[in-house]
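Letters go in sequence order (proteins before strands), and every chain restarts at 1.
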2 protein chains.
Amino acid sequence: MPRAGLTEIRVVEEGERIADEVGLSSLTLAALAQRLGVRQPSLYKHVAGTDGLRRSIAIRAKIELAAVLRRATVGRARRDAIGSMARAYRAWAKQHPGRYAAAQRAPVPGDADDEFASAEAVQVAFDVMAGYNLRDDDAVDAIRGLRAALHGFVTLESDGGFGLPVDIDRSFERLVAGLATAFEAWSDDPAVSAQI
Amino acid sequence: MPRAGLTEIRVVEEGERIADEVGLSSLTLAALAQRLGVRQPSLYKHVAGTDGLRRSIAIRAKIELAAVLRRATVGRARRDAIGSMARAYRAWAKQHPGRYAAAQRAPVPGDADDEFASAEAVQVAFDVMAGYNLRDDDAVDAIRGLRAALHGFVTLESDGGFGLPVDIDRSFERLVAGLATAFEAWSDDPAVSAQI
DNA sequence: GCCTGAAGGCTAATATCAATAGCCTGAAGC
DNA sequence: GCTTCAGGCTATTGATATTAGCCTTCAGGC
């Protein structure tokens with residue numbers, strides 16, 4: 001009998017596929033082992049059980065999402081950057097619902113890798129807010145608001161929470177535009193305020 | 001041996017308590033049966049398994065939350081109503097994290113009771129939006145935005161997603177105020193726009 | 001006060017999943 | 001070729017959900 005030739009990365013990637021296809025809650029070690037052609041206990045040679053698997057997926061998702069957001073904002077500023085980032089966020093979450101759900105878990109305090117990955121995405125938002133001349137507490141408020149709105153929207157959308165047959169893209173664009181306008185008003189920099 | 005004297009309502013209420021105390025994901029029939037002093041299978045005489053229990057909790061939570069929001073908006077209008085509703089929403093979610101989480105499940109299509117309960121909360125928001133002279137698609141956009149922002153904020157807050165030690169109440173107030181301003185701008189009613 | 005029947009408990013059994021212990025062997029390095 | 005050990009495996013335990021089917025309490029009719 002030849003070996004299956006698993007590695008941690010192959011196990012985690014297959015787990016990501018399952019999570020995206022059937023939902024994070026249906027990602028079981030049993031299903032994962034079956035797809036990889038091995039028995040459940042064999043997976044423990046590569047990942048630290050269910051928790052370890054989900055943690056790995058979460059960390060990778062956070063880093064990938066941060067990179068996507070970063071790419072969406074290069075060469076853009078202010079509402080242009082916010083809009084582009086918001087659309088990229090929503091698109092990625094839609095394309096990878098399982099990974100996105102996994103990424104929502106806050107890092108266990110002291111888990112350096114997870115904390116680093118979480119900070120990555122926040123950093124992108126901070127950089128964008130600097131373009132509004134928002135700093136410190138003002139930037140924190142803006143990021144929290146933006147993140148809450150994006151996360152809430154994406155979550156409700158993917159859970160089918162928007163029942164009515166009214167254009168969802170339009171609702172999203174208006175929400176983002178409204179927030180961008182609000183952030184402008186929070187800045188006391190005349191160069192930014194003048195753009196309203 | 002005297003009977004335990006369970007009823008559906010008593011089972012569901014104890015389930016709500018467990019969910020709020022230790023989290024919805026830790027609400028198991030085993031734990032529930034133990035707290036009620038019976039064996040697991042006995043619960044099936046009163047609720048339709050785990051799914052049925054969660055569904056009952058969800059429906060009751062939606063109705064209660066709708067009532068809370070309704071109370072928060074009577075005698076208020078526009079940004080006053082939005083602010084009051086938003087604060088009531090956040091406060092209720094914080095007080096009842098398990099029930100709130102249960103309420104996020106979208107109703108199974110065709111489940112009349114659940115659909116009714118879901119519509120209740122949306123109706124409150126619709127009524128408030130009418131005060132902005134927002135109707136139809138504009139109202140839908142506004143409700144989606146508000147709901148997304150509130151849900152996202154509350155979820156991130158309860159999951160400990162806001163790491164930084166910056167005043168969370170202030171972030172919330174600014175987000176809500178920003179949205180209220182945006183909604184005013186969406187209205188073409190001069191009487192509303194003049195208030196900006 | 002009995003009889004009856006169903007409601008509301010129970011035990012027992014099955015299935016799924018996670019997790020641990022410990023065996024066995026393929027394959028790489030010497 | 002030998003050794004070693006990483007990477008598979010089987011077997012087992014424990015948590016949970018669920019179903020089947022039994023048995024007794026208790027209420028209502030006679």
Please determine, for the side chain of [X], which listed nucleotide ([options]) has the closest atom?
X: B/A30; options: D/dT16, C/dG9, C/dA19; answer: D/dT16
X: A/P41; options: D/dA20, C/dA19, C/dC17; answer: C/dA19
X: B/Y44; options: D/dC9, D/dA17, C/dA19; answer: D/dA17

Note, DNA chain C 5' to 3' with Watson-Crick or G-U pairs under 3.5 Å encoded as ( ), [ ], | and . gives ||||||||||||||||||||||||||||||
Would you say [N] has OP1 or OP2 under 4.0 Å from some side-chain N or O of [X]?
X: B/T50; N: D/dT16; value: no
X: A/H46; N: D/dA6; value: no
X: A/R39; N: D/dG8; value: no

Between [X] ([atom1]) and [N] ([atom2]), how many Å, whole number?
X: A/Q40; N: C/dA19; atom1: CD; atom2: C1'; result: 10 Å
X: B/D51; N: D/dT19; atom1: CG; atom2: P; result: 10 Å
X: B/R54; N: D/dT16; atom1: CZ; atom2: C1'; result: 12 Å
X: A/L53; N: C/dC17; atom1: CG; atom2: C1'; result: 14 Å
X: A/Q34; N: C/dA18; atom1: CD; atom2: P; result: 12 Å
X: B/L29; N: C/dA15; atom1: CG; atom2: P; result: 20 Å
X: A/K45; N: D/dA6; atom1: NZ; atom2: P; result: 9 Å
X: B/L32; N: C/dG9; atom1: CG; atom2: P; result: 12 Å

Is there a path of hydrophobic side-chain contacts, each under 4.5 Å between heavy atoms, that joins [X] and [Y]?
X: A/F116; Y: A/F126; answer: no
X: A/L175; Y: B/L150; answer: yes
X: A/V176; Y: A/V68; answer: yes

#### Entry: Over 12 non-hydrogen atoms of neighbours within 6.0 angstrom of CZ in A/R60
yes
Notebook entry, point to check: Base, sugar-phosphate, or nothing for B/S42, non-hydrogen atoms under 4.0 angstrom?
Noted result: base
Worksheet entry | Validation row, ring centre B/F172 to ring centre B/F162 under 6.0 Å | no
Exercise for review: Give a yes or no answer on whether the side chain of A/S84 reaches the backbone of A/A81 with a donor-acceptor pair at less than 3.5 Å.
Suggested key: no
Original post:
Is the shortest side-chain N to carboxylate O distance from A/R87 to A/E173 below 4.0 Å?
Top reply: yes
